[in-house]
J.: 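Structure in structure tokens, see below.
Convention: sequence-line order gives letters A, B, ...; per-chain numbering from 1.
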Amino acid sequence: MKPAAFDYHCPDELAGAITILQEYGDEAKVLAGGQSLIPLLSLRLSRFDHLVDLRAIEDLRGVSAVDGSIRIGAMTTQAHVARNENAAAVPLLARATSHIGHYQIRNRGTVGGSLAHADPAAEYPAVAMALDASLEVAGPNGTRRISAANFFMSTWATAMDPDEVLVAAHFPVWSGSTGWAVDEVARRVGDFAMCGAVCGIQLDGQRVNRAALALFGVGSVPVRARGVEATLTGATVDDLDLPAIGADVAATLDPPGDLHASGEQRRKMAKTLVPRVLTAAIDEAKHA
Amino acid sequence: MTAGRFMGQAIARSEDPRLLAGRGRYIADVVVPGASDAAFLRSEVARGRIVSLDVEAARSAPGVRAVYTAADLNPLVHETAVAGLPEGPFPPKYCLAENDVRFVGDPIAIVIAENRYLAEDAVELIDVDIEPQEPVLDVDAARNGDGALVHPEIGTNTPQVIPFFGDPDLEQAFADAAHVVKDTIVMHRYVQAPMECRGIIADCDPYSDELTVWSGTQSVYGVQSLIAGLLGIGTNQIRVVQPDVGGGFGQKMAIMRDEWAVVLAAKLLGRPVRWIEDRRENLTAAAHARDERIDLSIALDGDGGITAIQGEFIENIGAYQTMGSSGMGAFIAPFLTNAYKIPKVGFASQAVYTNTCGKAPYRGPFLMYAVGIEQLMDAAARQLGVDPLELRRRNVIRADDLPYTLPSMLCFESITPAETLDQAALMIDYDGFRADQRAALEQGRYLGVGISLCVEPSGIAVGSMATEAAEIRMDYTGKVTVAVGSSSTGMSVVTTMKQVVAEHLGCVPDDVNVIQGDTAATPWGAGTGGSRSAVLIGNAVAAASTELRSKLLEIAADALEAAAEDLEIDNSRVFVRGTATKGMSFADVGQLAYHSPDMLSPGTAPGLEASHRFKAPPFTFSNACHICTCEVDIETGRVSILRYVVSEDCGRMINPKVVEGQVFGGVVQGIGGVLYEHMVYDDDGNPLTSTFVDYLLPTAAEVPTIEVGHIESPAPNPLGVKGMGEGGAIASPAAVINAVADALAPLGVRISGSPLGPRQILDMIAAASGQRA
Amino acid sequence: MREVALTVTVNGEQISRPVEARRTLADFLRDDLSLTGTHLGCEHGVCGACTVLLDGDAVRSCLMFAVQADGAEVTTIEGLSEGGLTPIQAAFQAEHGLQCGYCTPGFVVSAHAFLAEHPDPSDEEIREALSGNLCRCTGYQGIIAAVKRAASNGSSL
């Protein structure tokens, strides 16, 4: 199970990477952590004549606080972001990370790689959607920002052009009494989620000031439950009928089915997960 | 049974240090100078006619040394049987697919190149045109003659049929029964999936008298025999060497068509050829397992005593099945009554070909004898309103019933299923669990307990598997070497045999070297499998050691001028009983035996060598009871195993930790098989679970702590041992299935086998509640 | 370029040589450097038999190209065992944490990395940490016991 041959490029500047992508188009692919790409290459399910390794580009690393958000360089590893002090200001990041595969994968897998790969069952895209993250993308025409809602187009498809590189992801920081939760239903520890949910709650006393809820594994892109967020916002915590909210969210979903669970079963899992994550986040916010 | 100085001791394994340090030498680590690497072109179609095959582009690809197809290799084939194995009609003797392909993965061409990377590149350049034909995938369609023949040359899709036979009063027994419980119990398709894939290196040097094959096999002599037939040469011209092997579980008992191609290619090429299987091949094109069902009925009297059992067993053996997989019916029939007193039996079976990957044996290949009845017991208990533990107690064979002759005329002389049932129930605190279960149900939580008993026909010694031999010698320095004919793929043959030698000879295990896995250096053996090692190899080693001991004493008696009966041995030293000083070391004896034979009395033979070929009865019955508790999350379909206990009786244990390790491994394969591992084909015969991403093995996070209790009953062999290699795998599936069924019974869910992934569980819950899934 | 210059330190020894870009780190270690203790169980990043330490972190060497390790320090099972069996390896032996041994180097390397960061793990943490390595022989019982034993002995290296 060996990969087909390719020309290897390891530019030390972003501009160099973009130039190569421009030149070779479909025949070139960016290599970040390789945890998703390399198995595909080894199984010869995909092949590219050119691989552009981003590991030497220092500009793609680093976690910093920028304008009320945490900016995560695309090549930051998942393991690093989970223990980074700056990134702790966005608790969903560390919590989502613990669900990703196993620590051996997280030592190599990158935040940018996961976002750009856009697997429907991945955790970071859902976190990005839930928090209205903004993706910083560079191409031949310069750098632009794409909101998470516009970034994830479909299974393994993003709004980036073939000659663009994801440079960083900006995750807004919430202040005040906040609580967060990530939960998923998977066959085994570390497996792709059959259904997952991420949420954030900001309380003002007993009142929900702000709510964010996104589901993954239930469609070709993460699903943001804006309708339910509207219901939650302004409500008194103890008045909430969480099971009903779970049912409401589930009713909006039309998930695909596979060997592991049918679409209807995924919908039912969502119905169970939503109250679980909301309960956990609310509890944390109450004690914050 | 009291432990001996070494027998019965949980000593550390001598295999471990080198394996821990990464110094194991598995087939992919063996370096044969000048060896090329092979890769295969395999069919991507389940059934079809090969219209054209053009390998010219591959032949001229970089680094390619040869490309062979059926036209090159198949005419070289003489025979493809393994001598001595009882079999139904073999599949046709095509090494590579000749005019048609019969399963996805069927090997069509072999590319031999400088390395695997280049070989795979060249495989992509082969131009093959296959005209797809409707594959035969459904077992019932296949056996009923709807559709094509998988192997037209065989003339039937059912190569092994056991027509119904049974007790003449069977029908009456069912008619008179107070209760009849029947169901069709299904076991889905799984894969053996040892951590190490298959591999072979063949060196057929035309200038050498001997061809050498390194094979990651469970049976070096099986490989030797097959290659002798394949090439039409004498077995004494073939040396088969087994390196360290990373697990076999039955998949490596016999080499398969792709491995034959490597040998033939090496012969044609005149240079060594190496093939290391990759995981996708291992999961889709090596061999599969289980995929069988049994229509089972039991008749019970008013007290819940089972009076009769009847079963029809249908198994899907795929295409080109491996030796030993042409029909498990013959092995299931005699044991259909499992651990219970059931006087009347009826049985029929069919093995059916389909256009899927062929079967090879997998740890307890006949396990349906236990898996079926154990599930039916629980179903019967529910039907009768009796606790499943109680129902088993009413029917289980007890000490008073021994010796117990089965309807199949086999006789259980020394088994303890009733005792293991009691011990396991105690270990799990059965009544305590039932109370917890009731309390949990009131809170809307679904807990369940599952029992599974099995009497295991271990130490399989049928036909050519009836014997194993050991050749032991003490050399001129007093050090001991023992050579055995069947060799370890993880089951600790080396350490356990060192313990046997040390116990019988009076030395320490570290003074013993065990030689295994080389036809040039060991006596003939049938291979490790069938839970044979302790019974067959153990007794052979014990007998040879005992014989060596008496030769040792004879020579020492001579030298010490004492009677042999007055001598004792301890710690590699022979001495006159009662004296500390009148003695000699093994080294002294060895010296005398080899270097100074003139000093021996006229009647005393020089040298210190002995051998023994041990013949065991066809089966040595061991037994176990497994009890498993679980919780089912009815929202997500997830099953969590809470506790798992095993009470096992394998007679005298050579090494308790080794026994437990075998049980642990088998249990987790059972848990994995039921809850996670599911080999799936789509409607066109394409395997959908072709990597570990989709074929899910359980990890440390999915298994509980497994608790093992031991009972030791006498065994009918000098060493007093029984086998336990497969017992863990045989009893576990039903324990898990029964636990899930018990948990979901309040919801009206009725379970009839496996798989039990979340999808299946949620489907069943929805169906039971009348909703559409 | 199909072939790339690689400089990598493996078990303390600096290696400089050209290597084909597509060659995985696992194959480079096994075939180019004859360090065959690192095993291939799946080549798609699930089984963990190929685990090595890269700058001290446990990684799956089948999911890296050798060239990606340029400038890094790689430690294989051979490197860990250079001075004799480590306390973790001794714990594996004491608890019968191996049978066929094929998955063992991957587990040992992973356990080293895990215990270095979590010297006092709970049972659940141990099980989760071990969930990235597959074993078919032991049912994980001896492996979990070995890691527990090594942790409670306070020796992670």
J.: Identify the heavy atoms of B:Tyr117 and C:Asp27 that sit nearest to each other, and give their distance.
T.: OH-OD2, 2.6 Å
J.: Would you mind checking which part of C:Leu85 comes under 4.5 Å of any heavy atom in chain B, side chain (CB onward), backbone (N, CA, C, O), both or neither?
T.: side chain
J.: With a 4.5 angstrom heavy-atom cut-off, could you sort out which part of B:Val667 is near chain C: side chain, backbone, both or neither?
T.: neither
J.: What's the separation between atom CD in C:Gln93 and atom CG in B:Leu19, rounded to the nearest 0.5 Å?
T.: 10.0 Å
J.: Which is it for C:Val46 and B:Thr691 under the side-chain contact (heavy atoms from CB on, under 4.5 Å) test, yes or no, and what are the steps along the way?
T.: CA-CA 9 Å; C:Val46 177; B:Thr691 68; over 6 Å; no
J.: Please state whether the side chain, the backbone, both or neither of C:Glu82 comes within less than 4.5 Å of a heavy atom of chain B.
T.: neither
J.: For B:Val703 and C:Gln141, work out which heavy atoms get closest and say how close.
T.: CG2-NE2, 3.9 Å
J.: Is any side-chain heavy atom of C:Thr36 closer than 4.5 Å to a side-chain heavy atom of B:Arg25?
T.: no
J.: State whether B:Asp29 and C:Arg30 are salt-bridged, where the test is any N-O pair (Lys NZ or Arg NE/NH1/NH2 against Asp/Glu carboxylate O) under 4.0 Å.
T.: yes
J.: Pick one of side chain, backbone, both or neither for C:Tyr140, based on which atoms fall under 4.5 Å of a heavy atom in chain B.
T.: side chain
J.: Under a 4.5 Å heavy-atom cutoff, which of B:Gly24, B:Ser488, B:Ala701 has the most pairs with chain C?
T.: B:Ala701
J.: State, to 0.1 Å, how close B:Arg279 and C:Gly41 come at their nearest heavy-atom pair, and which atoms those are.
T.: NE-O, 2.8 Å
J.: Nearest 0.5 angstrom please: C:Asp31 CG to B:Arg116 CZ, how far?
T.: 12.0 Å
J.: When you measure from the side chain of C:Arg127 to the backbone of B:Glu702, do you find a donor-acceptor pair of N or O atoms at a distance under 3.5 Å?
T.: no
J.: Select one option (side chain, backbone, both, neither) describing which atoms of C:Ile144 are under 4.5 Å from chain B's heavy atoms.
T.: side chain
J.: To the nearest 0.5 Å, how far apart are SG in C:Cys100 and OH in B:Tyr26?
T.: 5.5 Å
J.: Output, in order, the C-alpha distance, side-chain angles, deciding distance and verdict of side-chain contact (heavy atoms from CB on, under 4.5 Å) for B:Phe249 and C:Cys137.
T.: CA-CA 9 Å; B:Phe249 311 114; C:Cys137 294; 3.8 Å; yes
J.: Give a yes or no on this: more than 12 heavy atoms of other residues, nucleotides or ligands lie within 6.0 Å of atom CD of B:Glu707.
T.: yes
J.: Say you draw a straight line from CG of B:Leu118 to CD of C:Glu20; how long is it, rounded to the nearest 0.5 Å?
T.: 7.0 Å
J.: Determine, stepwise, if the pair C:Glu43 / B:Arg280 fulfils salt bridge (charged side-chain N to carboxylate O under 4.0 Å, His left out).
T.: CA-CA 9 Å; C:Glu43 293 185 285; B:Arg280 183 168 42 187; over 6 Å; no
J.: Minimum heavy-atom separation for B:Phe692 and C:Leu134, please, with both atom names.
T.: CD1-CD1, 4.0 Å
J.: Do B:Gln669 and C:Arg136 make a side-chain contact, defined as non-hydrogen atoms from C-beta onward lying under 4.5 Å apart?
T.: yes
J.: Given the options C:Leu130, C:Thr38, C:Leu98, which has more heavy-atom pairs under 4.5 Å with chain B than any of the others?
T.: C:Leu98
J.: I'd like to verify something: which residue of B:Pro194, B:Gly247, B:Ala21 has the highest number of heavy-atom pairs under 4.5 Å with chain C?
T.: B:Ala21
J.: So what's closer than 4.5 Å to chain B heavy atoms on C:Thr104: side chain, backbone, both or neither?
T.: side chain
J.: Could you state the interatomic distance from CD1 (C:Ile77) to CG (B:Leu20), rounded to the nearest 0.5 Å?
T.: 7.5 Å
J.: Could you report the tightest heavy-atom contact between C:Cys103 and B:Met195, atom names first, then the distance?
T.: CB-CG, 4.4 Å
J.: Please check if any side-chain donor atom of C:Tyr102 sits under 3.5 Å from a side-chain acceptor atom of B:Asp244, or the reverse.
T.: no
J.: How about C:His96 and B:Asn655: do any of their side-chain heavy atoms sit closer than 4.5 Å?
T.: yes
J.: Counting only heavy atoms closer than 4.5 Å, note whether C:Ser81 contacts chain B via side chain, backbone, both or neither.
T.: side chain
J.: Less than 4.5 Å to any heavy atom of chain B: does that hold for the side chain of C:Ala49, its backbone, both, or neither?
T.: neither
J.: Check B:Arg23 with C:Glu78, please: is the shortest side-chain N to carboxylate O separation under 4.0 Å?
T.: no
J.: Out of B:Asp121, B:Thr489, B:Val31, return the one with the most heavy atom pairs under 4.5 angstrom to chain C.
T.: B:Asp121
J.: Among the options B:Cys197, B:Ser492, B:Ala193, pick out the one with the most heavy-atom pairs lying under 4.5 Å from chain C.
T.: B:Ala193
J.: Of the backbone (N, CA, C, O) and the side chain (C-beta and beyond), which part of B:Leu283 lies under 4.5 Å from a heavy atom of chain C, both, or neither?
T.: neither
J.: Between C:Arg22 and B:Glu120, is there a side-chain N and carboxylate O pair less than 4.0 Å apart?
T.: no
J.: Given a strict heavy-atom distance threshold of 4.5 Å, which part of B:Glu196 is in contact with chain C: side chain, backbone, both, or neither?
T.: both
J.: Can you measure from CE (B:Met491) to CD (C:Gln99) and round to the nearest 0.5 angstrom?
T.: 9.0 Å
J.: Go through B:Gly672, B:Pro698, B:Gly248, B:Ala10 and name the one with the most non-hydrogen pairs under 4.5 angstrom from chain C.
T.: B:Pro698
